[in-house]
Amino acid sequence: MAPSDNELMEDVRDGRVEKLAILFERYQVVLYNFFLRLTAKPNVSEDLVQEVFIRILKYRAGYLGQSRFVVWMFQIARNVHIDHLRKQKAELPLDAQFEETPAQEPLPDEILESEQNAALIRKALDQLPWRKKEVLVLCRFENLKLREIAELRGCQVGTVKAQIHRALIDLGRIYLELQEGRTT
Amino acid sequence: MNCPKTRDQFADYLMGDLDEAAREDVQSHISVCPACRKEIETLSAVWTRLGVLRIEQPTEALRARFYSMLESYKDGIREESRPVERPLGTRSSRLWKAARDFTTFKRPAFAMTFSFALLIAGIGIGYFLSSGGSEQRISDLHREVQDMRQMVAVSLMSQRSASDRLKGVSWTAGLANPGEETLQALLDALDSDPNVNVRLAAVDALYLYRKNPLVRRKVTDSLSVQTSPLVQIALVDFLVGLREQRAAEALKRLVQDEKLNPEVKKRAEQGLERLI
């Protein structure tokens with residue numbers, strides 16, 4: 001039977017760092033999509049995935065294995081993203097920070113409807129503040145339980161539920177606004 | 001159940017985390033409360049819409065960068081474990097400098113067309129040549145590329161997806177001296193991989209290492225556990241190529257199996273004629 005994530009990470013912690021390769025192969029796509037949904041930038045997302053694995057090596061001695069490996073990994077991924085946002089803010093000139101993302105070209109009619117919906121929901125997600133975006137990505141795509149999301153965000157389960165609720169309402173509103181803007 | 005309690009369950013409801021009873025409670029409330037019904041309909045619609053987002057694949061360059069980083073980290077550990085006196089405070093910075101050097105490596109625009117091995121070899125050769133190459137260094141580099149190749153192969157072979165495992169098996173081709181772990185991974189794939197294509201690929205990959213006694217013995221033993229005629233035929237050909245007594249005995253045992261596929265039987269008998 002294939003070793004579990006936790007067993008592999010315990011091996012990495014105990015010095016068999018080559019086992020990280022198995023975890024990389026298991027999670028590179030997951031992490032890449034996590035960052036892609038948060039940043040909408042493929043190049044940046046790959047850089048951030050790499051940074052997560054560097055930090056896993058850096059902090060491997062502190063891995064306790066008390067919760068699922070993915071929770072610990074997403075905790076690191078979350079910090080990597082927050083650091084990226086800070087760095088980005090520091091690097092950008094003030095006016096650029098408030099600059100709107102350029103509106104995409106109108107979608108040609110021949111593109112399938114599902115493609116259009118995907119483009120629209122992606123755009124709506126982009127406009128959501130990052131904390132709301134993050135909680136949605138974690139619960140909708142990463143198969144984390146509510147208590148695991150609460151653990152990695154350092155808050156109560158009830159708070160996470162309320163955050164998901166509000167994020168969905170806001171996303172729905174932005175989506176409708178974009179849709180109306182497209183049809184008018 | 002009242003409105004606040006029901007709404008508190010909406011996140012669990014959408015994520016499918018409610019047990020049967022709790023789910024029924026939510027459903028019975030929304031069937032009588034129009035406001036809550038409207039709310040859950042709105043939330044569900046957005047939740048479902050998010051499902052249209054596809055899973056995207058990163059480029060091969062990400063894998064290349066990861067394995068480069070891991071190799072340099074391992075080198076850092078090896079170097080640190082050497083009993084050499086070094087001023088305090090430089091240890092972790094050296095280790096991290098080595099690893100972080102690779103994070104600043106930017107992939108070229110045409111990186112997708114690069115094969116992974118070429119990329120790794122390129123990075124390595126660049127590094128070695130710039131620091132004054134010698135035969136020893138070239139051979140070190142060769143060894144490192146081989147080590148890295150093995151690491152990629154073994155980790156791919158332990159993946160859940162059959163196409164990844166297949167990729168892992170093909171990564172072992174071209175290894176001059178595969179390590180024990182790599183050979184064992186190939187032998188395990190041959191004996192127990194649920195996918196026929198992976199098992200077949202493992203037979204081909206192991207043929208390259210047929211001079212290794214462990215490979216000869218394990219592949220011979222494997223004939224009795226295979227059930228797919230395709231794999232059996234591939235193994236018969238493999239064993240005929242070994243030209244040894246033990247292989248002939250395994251083939252004799254195989255042809256005695258009454259349930260054996262006629263095509264396999266024919267192939268095994270032809271093989272036996274060549275061996276005896």
Side-chain angles (χ1 to χ4, degrees), chain A residues 2-3 8 15 17-26 28-33 35-37 42-43 45-47 49-51 53-54 57-58 114-115 117-122 124-125 136-137 139-141 143-146 157-158 160-165 167-173 175, chain B residues 7-12 14-15 17 39 42-47 49-59 61-63 65-71 73-74 76-77 81 92 95-96 99-100 102-107 147-148 150-161 164 168 181:
Chain A
L8 289 167
V17 292
E18 65 281 357
K19 300 277 182 171
L20 187 66
I22 302 178
L23 290 168
F24 170 81
E25 296 297 344
R26 280 185 193 170
Q28 58 150 332
V29 177
V30 170
L31 283 170
Y32 175 70
N33 280 274
F35 288 126
L36 192 62
R37 280 160 189 157
N43 287 358
S45 302
E46 288 194 358
D47 288 348
V49 174
Q50 172 82 342
E51 182 62 26
F53 285 100
I54 287 177
L57 282 177
K58 189 173 180 181
S114 66
E115 282 294 316
N117 288 341
L120 208 58
I121 196 78
R122 216 175 287 126
L125 203 57
L136 276 191
V137 170
C139 73
R140 183 66 177 87
F141 301 107
N143 292 324
L144 290 177
K145 301 276 174 208
L146 286 168
V157 174
V160 175
K161 286 184 185 184
Q163 286 167 341
I164 293 173
H165 199 123
L168 281 172
I169 297 278
D170 288 357
L171 183 65
R173 183 179 43 75
Y175 181 87
Chain B
R7 289 179 187 201
D8 186 52
Q9 303 277 341
F10 280 170
D12 307 74
L14 291 169
M15 290 171 79
D17 271 357
E39 178 119 10
T42 310
L43 297 177
S44 297
V46 184
W47 185 263
R49 260 183 216 121
L50 278 169
V52 301
L53 292 181
R54 277 196 308 257
I55 292 175
E56 307 285 343
Q57 294 296 322
T59 65
L62 175 60
R63 181 174 276 136
R65 287 169 63 194
F66 168 78
Y67 283 99
S68 303
M69 180 276 288
L70 189 56
E71 269 304 297
Y73 185 81
K74 278 171 67 187
I77 292 179
S81 60
S92 65
L95 195 64
W96 284 105
R100 282 188 186 273
F102 283 94
T103 63
T104 51
F105 159 67
K106 299 288 175 200
R107 76 192 134 90
D147 284 353
M148 208 182 302
Q150 298 205 54
M151 198 154 62
V152 180
V154 172
S155 48
L156 279 171
M157 275 191 272
S158 66
Q159 296 307 305
R160 290 180 187 109
S161 133
D164 278 348
E181 200 182 356

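Quick note on labels: first sequence line is chain A, next is B, and so on, each numbered from 1.
If you measure heavy-atom distances from L144(A) to chain B, the contacts under 4.5 Å come from the backbone alone. Both the backbone and the side chain of E56(B) have a heavy atom closer than 4.5 Å to some heavy atom of chain A. Of the two parts of R160(B), only the side chain, counted from C-beta on, holds a non-hydrogen atom closer than 4.5 Å to a non-hydrogen atom of chain A. Contact of I164(A) with chain B is made through the side chain alone, with heavy-atom distances under 4.5 Å. Both the backbone and the side chain of D12(B) come within less than 4.5 Å of a heavy atom of chain A.
The side-chain contact (heavy atoms from CB on, under 4.5 Å) with S155(B) is formed by just one residue from the set L23(A), I22(A), L8(A); it is I22(A).
Rounded to the nearest 0.5 Å, atoms NE2 (H165(A)) and CG (L43(B)) are 4.5 Å apart. Here the CZ atom belonging to R26(A) is positioned 6.0 Å from the OG atom belonging to S158(B), to the nearest 0.5 angstrom. To the nearest 0.5 Å, atom OG1 of residue T42(B) and atom CD1 of residue I169(A) are 6.0 Å apart. Separation of atoms CD (Q150(B)) and CD (E18(A)) is listed at 11.5 Å; rounding is to 0.5 Å. Rounding to the nearest 0.5 angstrom, the gap separating the CZ atom in F10(B) from the CG atom in L168(A) is 11.5 Å. Atom CZ of residue R54(B) and atom CZ of residue R122(A) lie 7.0 Å apart, to the nearest 0.5 angstrom.
Most heavy-atom pairs under 4.5 Å with chain B, from the set V160(A), V30(A), L171(A), L36(A): that is L171(A). Contacts with chain A were tallied for L156(B), I55(B), D17(B), V154(B); I55(B) has the most, counting heavy-atom pairs under 4.5 Å. When each of L146(A), V49(A), N143(A), L136(A) is checked for heavy-atom pairs under 4.5 Å with chain B, L146(A) comes out on top.
Of all non-hydrogen atoms in M151(B) and A21(A), the two that sit nearest each other are CG-CB, 4.1 Å. Contact record, L62(B) with Q28(A): CD2-OE1, 3.6 Å, taken as the closest heavy-atom pair. In this structure, A118(A) and V52(B) approach most closely via the heavy-atom pair CA-CG2, 3.5 Å.
Proximity of a side-chain donor or acceptor of R49(B) to a complementary backbone N or O of N117(A) within less than 3.5 Å is not detected. Between the E46(A) side chain and the T59(B) main chain, a donor and an acceptor come within less than 3.5 Å of each other. Looking only at distances, a side-chain donor or acceptor of Q50(A) sits under 3.5 Å from a matching main-chain atom of R65(B).
Annotation: side chain of L50(B) is in contact with side chain of L125(A) (closest heavy-atom distance under 4.5 Å). Contact check for Y175(A) versus V46(B): no side-chain heavy atoms found under the 4.5 Å cut-off. At least one side-chain heavy atom of L20(A) sits under 4.5 Å from a side-chain heavy atom of F66(B). P58(B) places none of its side-chain heavy atoms less than 4.5 Å from the side chain of F35(A). The side-chain heavy atoms of K145(A) and M15(B), taken from C-beta on, include no pair separated by under 4.5 Å. Annotation: side chain of N33(A) is not in contact with side chain of L53(B) (no heavy-atom distance under 4.5 Å).
The aromatic rings of F24(A) and Y67(B) sit perpendicular, their planes meeting at an angle over 60°, well past the 30° parallel limit.
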